[in-house]
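All ligand and atom numbering here is 1-based and tracks the order in the structure.
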Amino acid sequence: MWSLNHSVFILFFIILFSSLFQSSVFAVKKSYIVYFGSHDHGEGVTEADFHQVTETHHEFLQSYVGSYEKARGAMIYSYTRNINGFAAILEEKEAASIAEHPEVVSVLLNRGRNLHTTHSWEFMSMEYNGVVPSESLFRKARYGEDVIIGNLDSGVWPESPSFRDEGIGPIPSRWKGKCPTTDFRCNRKLIGARYFNKGYLAYAGPAATQNHTHNTVRDYEGHGSHTLSTLGGNYVSGANVFGFGNGTAKGGSPKARVATYKVCWPKIDDGGCFDADIMAAFDMAIHDGVDVLSLSLGSVAVDYFNDGLSIAAFHAVKKGITVLCSAGNSGPTPGTVTNIAPWILTVAASTLDREFASGVELYNGQSFRGSSLSGALPENKFYPLITAADAKLANASVENATLCYRGTIDPEKARGRILVCLRGIFARVVKSLVAFEAGAVGMILCNDQADGNQLFADPHFLPSSQITYEDGVAVFAYINSTKNPLGSINPPITKLNTKPAPKMAAFSSRGPNIITPEILKPDITAPGVNIVAAYSGGISPSEMDFDKRRIPFITMSGTSMSCPHVAGVVGLLKTLHPDWSPSAIKSAIMTTARTRANNAKPILDDNNVKATPFAYGSGHIRPNRAMDPGLVYELNINDYLNFLCFIGYNQTQISMFSGTHYHCKDINILDFNYPTITIPQLYGSVTLSRKLKNVGPPGTYKATLRVPAGVSVSVQPNILKFDKIGDEKSFNLTVEVKRSGLATVFGGLTWSDGKHYVRSPIVVGGVKG
Ligand SMILES: *[C@@H]1O[C@H](CO)[C@@H](O)[C@H](O)[C@H]1NC(C)=O
Ligand SMILES: *[C@@H]1O[C@H](CO)[C@@H](O)[C@H](O)[C@H]1NC(C)=O
Ligand SMILES: *[C@@H]1O[C@H](CO)[C@@H](O)[C@H](O)[C@H]1NC(C)=O
Ligand SMILES: *[C@@H]1O[C@H](CO)[C@@H](O)[C@H](O)[C@H]1NC(C)=O
Ligand SMILES: *[C@@H]1O[C@H](CO)[C@@H](O)[C@H](O)[C@H]1NC(C)=O
Ligand SMILES: *[C@@H]1O[C@H](CO)[C@@H](O)[C@H](O)[C@H]1NC(C)=O
Ligand SMILES: *[C@@H]1O[C@H](CO)[C@@H](O)[C@H](O)[C@H]1NC(C)=O
């Protein structure tokens, strides 16, 4: 899953289904998605029409597998509503010959993907000390009343107080969604709950089918409840995690209706969220009538027509639905950002100005900033310190003991002491469990080098503090330097208004976009570290079976958490501007973002150097500005089709994808009207164009440039006059690089009428000479 809170990846079962049949007698069967493009159902479409589509799919498959019965047996989904295609269990040979069929856009292997508060709205200036300012988007957008926001995730814990329907009006009559008929009932807040498991079970094998937890929309991971409550949870006062971070929990659109489409199941091999299920969920969610869809899951970025999520998201955007995805948790390595289709709003993660601070003190006077959600030591005094390596059992390796693996720590040595563990490989809370079981009084969890400065507030089993890599090195050096090392851990306190914030999270996946480098990704950053939101009653905070604790709220971290923050804001913008297109909403959010932190200095990366647009895209979301951006860069469906033509799809493929006879326009991708400007490789001069649309009062906008070092940039014209709403004006931007071998440099273009600031980052890369 794409939350880092419990970074434990347990293989619940390893299914040898395909390898069992890898003998020469049987051909290997796998699940595939056969994608035909779009449906062109009219207004009066009925269930009978959908059945007819399924029949067509069966007949199509029949010609490849031999009989109608075999075709029916092989098919796991028929996508009948918006997406035209099916998922089926096929031999590789069959899949390959289907791919040759002229009506097939692409055949995809059914891949697995991983799942990637209270105070965050205040941090984004939507409230102040819990009071909503009159200029806040919350109030102006009536708290997202009547917007329907869906997520594709691990389901929902319906009894969570975040999903109560107090203060919520009747369900909008346009809603076609459904809820379980047994198990639980929906209400006026949680209006839809469906699950899609056939793609998962096709992979997991027959034994997995019988398991109750694989056949319910109930959330047994906590992830889906957390993200759903972040985007649209109702008000819950006195929400806290073991008393920390106490406040009123609420989602971004607290009065919105929410619907969950469960597509994520216990992880097998590479993932637990399968493309066949994701496509089925999209097809249904579009039909049901959601306005916004949020997905906190993904895998590595691949080419668009081979990416079930990108294809499905396109169908949603075509119907006016804004689709948001998390950027991934594979940072800070460059080129790791995923969910990069230009019709998706891709969200990075950064910190809040809140810390759950629990410091470490050494007897030599040194002290370090740490983070945790745990209790206090038995006594407020110094305790002996011991490294896990020094406390190891004779049969354990130093490497494993250092990481505090289970079965490696000798209670004789650890008892009554503070155990020092190294972070990495498995869940952080498991390490505190190991310390607890060994009789330690506390744990200091030291970041490894790769994790740098990123601190998490976890619900540890005993008094604990997580500290940075550098501070960890100092702790180890101190222990090594003295016979009787002593230390202490201060109980955590909730600190607010910490500076600087936001700061990019080390884990947040980074650009450049490896599929289409001309499109900057991620698009935006939002809070994703130590976010307090609803949890599942079906799982303990440590995710371990013997842990009988159940808590209604928990902290989680990841781009999984930042994505629903932006989805909540999109819900508000939809309420306020029902006529805005998904691209207008996206532009409004991006061009009004900020690139400075709360100390007025540029946003920093985790390693304390200035962060770049490859980390945060346009910057940190500023919801109150997004409701009144002045101008927007808009893109329609044809622009996306031209984009696909440009990157190499032919007329035939595009026509099938769009469901209409589309004739590609010869465009230059640099002219694609994205709200950011990226020229990945330049030596010499290039002119690109953009078009702005007025969505505010009439005004005269003037351009200002922040010219990247080593580059010259000019705007033509540099004054644009808009007379009324809907006015569109174009401009050209000429960029010149005079020498070869320029490193990637960053600048910006801002259009302003003195009140609105419409800002786009400019990214220019050189050509090696
Ligand atoms: C059902 O699946 C869950 C999660 O994969 C697992 O923890 C549990 O042991 C399974 N139950 C049975 C009876 O196999
Ligand atoms: C949380 O705050 C509420 C309201 O201020 C208060 O009534 C409650 O006791 C607090 N809970 C904790 C655990 O601090
Ligand atoms: C470390 O622990 C892992 C997991 O239990 C085990 O597979 C591995 O062999 C251990 N390594 C050593 C050197 O003991
Ligand atoms: C080492 O031995 C202990 C028993 O003394 C056992 O509980 C533990 O699992 C063993 N650990 C390893 C890594 O083999
Ligand atoms: C511990 O100290 C010894 C000698 O003072 C030194 O050789 C060794 O590198 C130190 N180890 C660590 C982990 O600092
Ligand atoms: C379009 O591309 C597909 C897939 O590469 C190919 O099979 C087809 O022949 C192409 N059509 C045209 C008109 O080039
Ligand atoms: C932008 O440049 C193109 C090509 O040079 C030109 O045809 C067009 O008129 C220019 N547009 C504006 C708004 O200046």
Is it true that the NZ or CZ of Arg706 lies under 6.0 Å from the centre of Phe746's six-membered ring and within 45 degrees of the ring axis?
no
With a 4.0 Å cut-off, strictly under, does atom 4 (C) of ligand 7 pick up any protein heavy atom?
no
Going by atom types only, do Asn447 and Gln466 share a side-chain donor-acceptor pair under 3.5 Å?
yes
Asn732 heavy atoms, cut-off 4.0 Å: which ligand 7 atoms fall inside?
1 (C), 2 (O), 3 (C), 8 (C), 10 (C), 11 (N), 12 (C), 14 (O)
What do you reckon, does Glu399 have a nitrogen or oxygen under 3.5 Å from a nitrogen or oxygen of ligand 3?
no
Does atom 9 (O) of ligand 2 have a protein heavy-atom neighbour under 4.0 Å away?
no
Atoms of ligand 3 less than 4.0 Å from Ser397 heavy atoms?
12 (C), 13 (C), 14 (O)
Do the side chains of Lys755 and Asp753 get close enough for a salt bridge, i.e. N-O under 4.0 angstrom?
no
If you count the atoms of ligand 2 from 1 in the order shown, which ones are under 4.0 Å from a heavy atom of Asn246?
1 (C), 2 (O), 3 (C), 8 (C), 10 (C), 11 (N), 12 (C), 14 (O)
With a 4.0 Å cut-off on heavy atoms, is Ser730 in contact with ligand 7?
yes
Mark yes or no: Lys431 above the aromatic ring of Phe426, with NZ or CZ under 6.0 Å from the six-membered ring centre and no more than 45 degrees from the axis.
yes
Cation-pi check, Lys729 to Phe722: give yes when NZ or CZ is under 6.0 Å from the six-membered ring centre and within 45° of the ring axis, no otherwise.
yes
Closest protein heavy atom (residue, atom, distance) for atom 13 (C) of ligand 2:
Asn240 ND2, 3.6 Å
At a 4.0 Å threshold, what atoms of ligand 3 neighbour a non-hydrogen atom of Asn400?
1 (C), 2 (O), 3 (C), 8 (C), 10 (C), 11 (N), 12 (C), 14 (O)
For a ring pair (Phe, Tyr, Trp, His ring centres under 6.0 Å) check, start with the C-alpha distance between Phe163 and Trp157, then their side-chain angles and the critical distance, and finish with the verdict.
CA-CA 9 Å; Phe163 306 120; Trp157 195 257; over 10 Å; no
Heavy atoms from other residues, nucleotides or ligands near CZ of Phe672 exceed 12 (cutoff 6.0 Å):
yes
